[in-house]
Amino acid sequence: DQILLKAGTTLTDTITPQGSGTEQAPIVISRYGEGDDPVLEMPSEAAYGINLTNVEYWEIRNIAITSELDQKEEIERNSSRLRAAIFIYNNDAGILNHVYVMDCHIYDIPTYIPPSGGYAARFFGGIFVNIGVEGTGGKENKYVDLQLKRNRIERTSQCGIYFQSYDIANNGSWDYNLDVHSEKVQVSDNYVDSVGGDGIMVGWSTGALIEHNIVHNACANDIDSYAALWVANLHDSVIQYNECYNTKSWADGMAFDDD
């Protein structure tokens with residue numbers, strides 16, 4: 001199955017799939033026709049442009065995502081809304097397979113920036129992948145075959161790409177279930193420019209491949225400990241051929257970090 005947006009057009013709306021594809025037939029969101037990639041413009045009250053919660057066998061390709069509001073307008077309306085262009089969420093769904101985001105352009109995504117920092121000051125913005133639980137929990141939640149490749153992410157208030165595990169049910173513990181690791185995770189050939197928080201963060205995975213990414217002008221917000229490209233709780237993974245430059249110096253304020 002496919003959901004195709006016409007090239008050269010703008011759709012002011014959000015996309016929240018309610019079902020999954022299959023191993024033999026993933027569902028693809030992409031473009032058709034000649035011209036520039038279609039633009040999905042997040043409405044002013046939207047939290048996410050594309051929301052992939054508890055679904056699998058989805059591919060997002062060749063879509064541009066931006067916001068109806070710019071950061072100045074977001075600040076002026078005194079909103080506390082946290083926003084991300086693409087939200088990929090495993091909410092106590094067990095193992096979710098085959099989620100791809102490739103060849104997308106994400107730009108000008110404003111979001112609330114908590115003045116005192118904290119984890120809510122770093123997750124949102126570009127592509128936000130979260131594994132966690134709400135309510136009772138109890139499953140081994142992870143992704144198998146998650147690929148974020150060849151995306152261009154520019155001018156987000158917080159992160160570029162952030163893949164983490166955050167247990168909402170346990171008072172927001174950032175270290176949810178350290179013994180469960182996603183598999184076949186690849187983050188490669190992405191370009192991240194001018195983001196307020198972390199450029200790229202990848203965590204909770206075994207055998208991840210993080211390569212050929214470029215991060216420029218990251219960590220502009222002076223409220224938390226950011227890094228241009230960093231990882232946490234990875235095992236048997238490869239991080240190679242990445243380039244980070246003009247990273248702002250604040251707290252961690254470094255190009256690369258390993259937690």
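Positions are given from 1 along the sequence.
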(request) Check the pair Ile200 / Val215 against side chain to side chain contact (heavy atoms under 4.5 Å, CB included), numbers first and verdict last. (result) CA-CA 8 Å; Ile200 296 174; Val215 179; 3.9 Å; yes
(request) Heavy atoms only: give me the nearest Ala85-Met42 pair and the separation to one decimal. (result) CA-SD, 4.0 Å
(message) Can you tell me if Asn246 has over 12 outside heavy atoms packed within less than 6.0 Å of its CG?
(response) yes
(request) Indicate the ring-plane relationship of His212 and Tyr241, choosing parallel, tilted or perpendicular according to the 30° and 60° boundaries. (result) parallel
(message) Checking side-chain polar atoms at under 3.5 Å, does Asn221 have a donor or acceptor matched by the opposite partner on Gln158?
(response) no
(request) Check the angle between the aromatic planes of Phe128 and Phe87 and answer parallel, tilted or perpendicular using the 30° and 60° thresholds. (result) tilted
(request) Working to the nearest 0.5 Å, report the span between OG of Ser182 and CG of Asn90. (result) 7.5 Å
(request) Could you point out which residue of Arg61, Gln147, Glu59 forms a side-chain hydrogen bond (donor to acceptor under 3.5 Å, both in side chains) with Tyr100? (result) Gln147
(request) Go through the steps for Ile60 and Ile50 under the test side chain to side chain contact (heavy atoms under 4.5 Å, CB included), then give the verdict. (result) CA-CA 9 Å; Ile60 305 171; Ile50 298 177; 3.6 Å; yes
(message) Count I, L, V, M, F, W, Y as connected when their side-chain heavy atoms are under 4.5 Å apart, and connections chain through other members. Are Tyr32 and Ile15 then in the same cluster?
(response) no
(request) Decide whether Val185 and Val144 are clustered together by the hydrophobic rule: side chain heavy atoms of Ile, Leu, Val, Met, Phe, Trp, Tyr closer than 4.5 Å, transitively. (result) no
(request) Using the side chain to side chain contact (heavy atoms under 4.5 Å, CB included) rule, take Ile88 and Phe163 through it: C-alpha gap first, then chi angles, then the decisive distance, then the call. (result) CA-CA 9 Å; Ile88 302 170; Phe163 174 23; over 6 Å; no
(message) To the closest 0.5 Å, what do you measure between OG (Ser67) and CD (Glu41)?
(response) 7.0 Å
(request) Find the distance between CD1 (Ile27) and NE2 (His98) and round it off to the nearest 0.5 Å. (result) 10.5 Å
(request) Locate the shortest heavy-atom distance separating Pro17 from Asn51; write the atom from each residue and the value. (result) CD-O, 3.2 Å
(message) I'd like to know whether Asp189 forms a salt bridge (Lys or Arg N to Asp or Glu O under 4.0 Å) with Lys149, so could you lay out the CA-CA distance, the side-chain angles of the two residues, the decisive distance to 0.1 Å, and finally the verdict.
(response) CA-CA 6 Å; Asp189 297 289; Lys149 300 171 66 176; over 6 Å; no
(request) Heavy atoms only: give me the nearest Asn151-Leu148 pair and the separation to one decimal. (result) ND2-C, 3.7 Å
(request) May I ask you to test the Tyr48-Tyr89 pair for a side-chain heavy-atom distance under 4.5 Å? (result) no
(message) Could you check whether any side-chain N or O of Gln186 sits under 3.5 Å from a backbone N or O of Lys184, counting only pairs where one atom can act as donor and the other as acceptor?
(response) no
(request) Check whether the side chains of His105 and Glu154 place a donor and an acceptor atom closer than 3.5 Å, and report yes or no. (result) yes
(message) Using only atom types and a distance under 3.5 Å, with no angle test, would you say the side chain of Thr156 pairs donor to acceptor with the backbone of Cys159?
(response) yes
(request) Work out which heavy atom in Gly207 is nearest to a heavy atom in Ser237; give both atom names and the distance. (result) N-OG, 3.5 Å
(message) Quick check on the hydrophobic clustering: are Ile63 and Ile3 connected, directly or via other members, by side-chain heavy-atom contacts under 4.5 Å?
(response) yes
(message) I'd like to know if the side chain of Asn141 reaches the main chain of Ile131, judged simply by a donor and an acceptor atom lying under 3.5 Å from each other, with no hydrogens or angles considered.
(response) no
(request) Supply the atom-to-atom distance Tyr57 OH to Leu96 CG, rounded to the nearest 0.5 angstrom. (result) 9.5 Å
(message) Side-chain heavy atoms nearer than 4.5 Å, only ILVMFWY residues, links allowed to pass through others: does that put Leu11 and Trp58 together?
(response) yes
(request) Sequence neighbours left out, what passes side chain to side chain donor-acceptor pair (under 3.5 Å) with Asn213? Give chain and number order. (result) Asn190, Asn242
(request) Tell me, yes or no, whether the heavy-atom count around Asp36 atom CG, taken from other residues, nucleotides or ligands under 6.0 Å, exceeds 12. (result) no
(request) Quick one: pull up CG in Leu40 and CD1 in Ile65 and give me the separation to the nearest 0.5 Å. (result) 5.5 Å
(message) Do Tyr191 and His216 have side chains that approach each other closer than 4.5 Å (heavy atoms only, starting at C-beta)?
(response) yes
(message) Counting C-beta onward and ignoring hydrogens, is there a side-chain heavy-atom pair between Ile210 and Val231 closer than 4.5 Å?
(response) yes
(request) Output the distance between atom CD1 (Ile161) and atom CD1 (Ile127), rounded to the nearest 0.5 Å. (result) 4.5 Å
(message) Can you see whether Asn54 engages Asn91 through a side-chain donor-acceptor pair at a distance of less than 3.5 angstrom?
(response) no
(request) Please report the closest heavy-atom contact between Thr14 and Ala46, naming both atoms and the distance. (result) CG2-CB, 3.6 Å
(request) For atom CD of Gln240, decide whether the heavy atoms of other residues, nucleotides or ligands shown that lie under 6.0 angstrom number more than 12. (result) yes
(message) If only side-chain N and O atoms count, and only distance matters, is there a donor-acceptor pair under 3.5 Å linking Asp259 with Trp230?
(response) no
(message) Under 4.5 Å between side-chain heavy atoms, counting indirect links through other Ile/Leu/Val/Met/Phe/Trp/Tyr residues: same cluster for Ile29 and Met102 or not?
(response) no
(message) If you compare all heavy atoms of Arg31 against all heavy atoms of Pro38, which two are closest, and at what distance to 0.1 Å?
(response) CB-CD, 3.5 Å
(message) Between Asn97 and Leu146, does the side chain to side chain contact (heavy atoms under 4.5 Å, CB included) criterion hold? Intermediate values first, please.
(response) CA-CA 7 Å; Asn97 298 277; Leu146 173 72; over 6 Å; no
(request) Give a yes or no on whether the backbone of Val55 and the side-chain of Ser20 come within a donor-acceptor separation of less than 3.5 Å. (result) no
